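Report on the structure given below.
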Amino acid sequence: MVKRVKDNVKWVGYMDWELNTFHGEDYSITNGSSQNAYLVSEQKNVLIDTVWFPHRFDFVNNLKTAIDLKKIDAVVVNHGETDHSGALVTLLEEIPNVPLYCTANAVKSLEGQYGKRGWNFKVVKTGDSIDIGNGKKLVFIEMPFIHWPDSMATYLTGDNILFSMDAFGQHYAVEELFNDKADKCTLLKEALKYYVNIVNPYSQMVARKLNEIKAMNLDIDMIAPSHGAIWRDNPIQIIDLYSKWSSGYSEDMISIVYDTMWDGTKKLAHRIADKIKSISPDTVLKIFSVSKQDKNDIMTDIFKSKAVLVGSPTVCNDIMASMTGFLAFLKQLKFKNKKAMVFGCYGWSGEGNKILRSKMEEAGFKVIDSEVKSFWNPTTELNESIEKAVREVLL
Ligand code: FEO
């Protein structure tokens with residue numbers, strides 16, 4: 001379906017209600033998603049991005065309802081990742097000589113994925129533009145590492161639309177297209193989940209790029225990302241949120257994250273939680289079992305937390321494999337300015353806490369000296385060490 005965005009700008013993407021994971025199985029999707037592509041029709045007709053490979057035929061057939069493909073003067077490829085470039089091969093079989101505007105890194109990523117096909121690349125840098133007639137231009141803004149080296153945004157003058165690619169997006173299917181038509185709570189939740197699990201590792205680049213975009217003094221009426229709702233009502237709100245999120249964000253919140261074999265470490269998690277609540281009742285507290293709850297949701301709450309307490313029993317001179325995998329993902333996300341504390345049960349050798357400590361330090365957390373270590377199941381003898389550790393967390 002083709003949908004009107006503004007004046008001569010149409011949405012020609014794919015609303016993906018069945019999508020339930022992304023990046024392989026690394027990102028859970030619970031509210032659908034979309035791959036947004038846009039058709040700008042002034043004196044020149046420009047397609048901005050395509051959709052994921054499985055939807056290539058639906059995409060091209062739908063695009064034909066909006067325009068005779070031979071009338072497309074240019075295609076902008078803001079990003080080479082396959083969820084946006086996957087339909088290019090099929091499209092370019094019909095219009096093989098159409099100019100493709102993209103960054104130098106996008107040429108590498110497109111040829112790396114689809115082979116050298118002799119496509120008509122036009123490499124652009126920040127500030128380059130193409131005149132599309134009727135007094136309007138498309139201006140390119142490189143966005144390296146937000147979130148791939150090849151990423152860029154494209155700004156449409158006159159209509160004042162920033163096609164921001166993945167930045168400011170959400171995995172959230174909104175048939176009505178716009179943020180003012182979406183459920184606000186779900187929209188902000190999905191925007192944050194997306195930021196934490198996809199964009200946060202590049203926070204430093206995000207902060208720099210936001211300053212650069214602000215310095216360009218662009219009039220922005222809409223921010224049209226490549227996933228989810230278009231920010232039409234107060235579009236600057238999502239730029240302001242990205243500014244906050246990219247600056248070592250935290251709230252008065254603590255997350256306790258554990259796995260357990262026979263409930264000893266689970267009991268310890270709840271004993272620690274009770275102590276936190278008794279000392280600091282207003283601190284928001286979340287308790288997660290990594291093997292039972294969604295890891296992307298846990299990461300989102302860890303992002304909001306000022307401290308994360310991680311627990312595992314010692315198993316075969318190590319920690320539980322579920323925790324090892326979880327902590328590897330945690331390290332990738334490069335959280336900043338957060339404390340950590342470790343805890344766990346043991347019956348024999350007891351290396352679990354030491355391994356947890358080392359992994360949390362590697363992940364960039366400030367691990368406090370105090371910890372809680374329970375020989376077999378937790379007893380009242382641990383009261384003192386729990387209180388000491390909790391007070392150090394809350395300092
Ligand atoms: Fe939505 Fe980086 O692709």
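In this text, all values refer to a predicted model and were calculated from it rather than measured experimentally. Remember, it's 1-based here, ligands and their atoms both numbered in the order they're listed.
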Please output the side-chain donor-acceptor pairs of residues 82-96 that fall under 3.5 Å, not counting sequence neighbours, one pair per line with the distance.
unit_1, atom_1, unit_2, atom_2, d
T82, OG1, Y114, OH, 3.3
D83, OD2, H227, NE2, 3.0
H84, NE2, D166, OD1, 3.1
H84, NE2, H227, NE2, 3.2
S85, OG, G80, O, 2.7
S85, OG, E81, O, 3.3
S85, OG, Y114, OH, 2.7
E94, OE2, K64, NZ, 2.9

Just grab all the salt bridge (Lys or Arg N to Asp or Glu O under 4.0 Å) pairs involving residues 205-229, residues at least two apart or on different chains. K6-D221, K209-E212

Here's one to test your reading of the geometry: is the NZ or CZ of R56 within 45 degrees of the ring axis of F59 and under 6.0 Å from its centre? no

Identify whether NZ of Lys or CZ of Arg in K193 sits under 6.0 Å from the centre of the six-membered ring of F303 and within 45° of that ring's axis. no

Intermediate values then yes/no, side-chain contact (heavy atoms from CB on, under 4.5 Å), V98 and L69: CA-CA 10 Å; V98 71; L69 298 187; over 6 Å; no

Under 2.8 Å from atom 1 (Fe) of ligand 1, which protein N, O or S atoms are there? Could you list them by chain and number? D83 OD2, H84 NE2, D166 OD1, H227 NE2

Sequence neighbours left out, what passes side-chain hydrogen bond (donor to acceptor under 3.5 Å, both in side chains) with R391? Give chain and number order. E387

Looking only at N, O or S atoms, which one in H147 sits nearest to atom 2 (Fe) of ligand 1? NE2

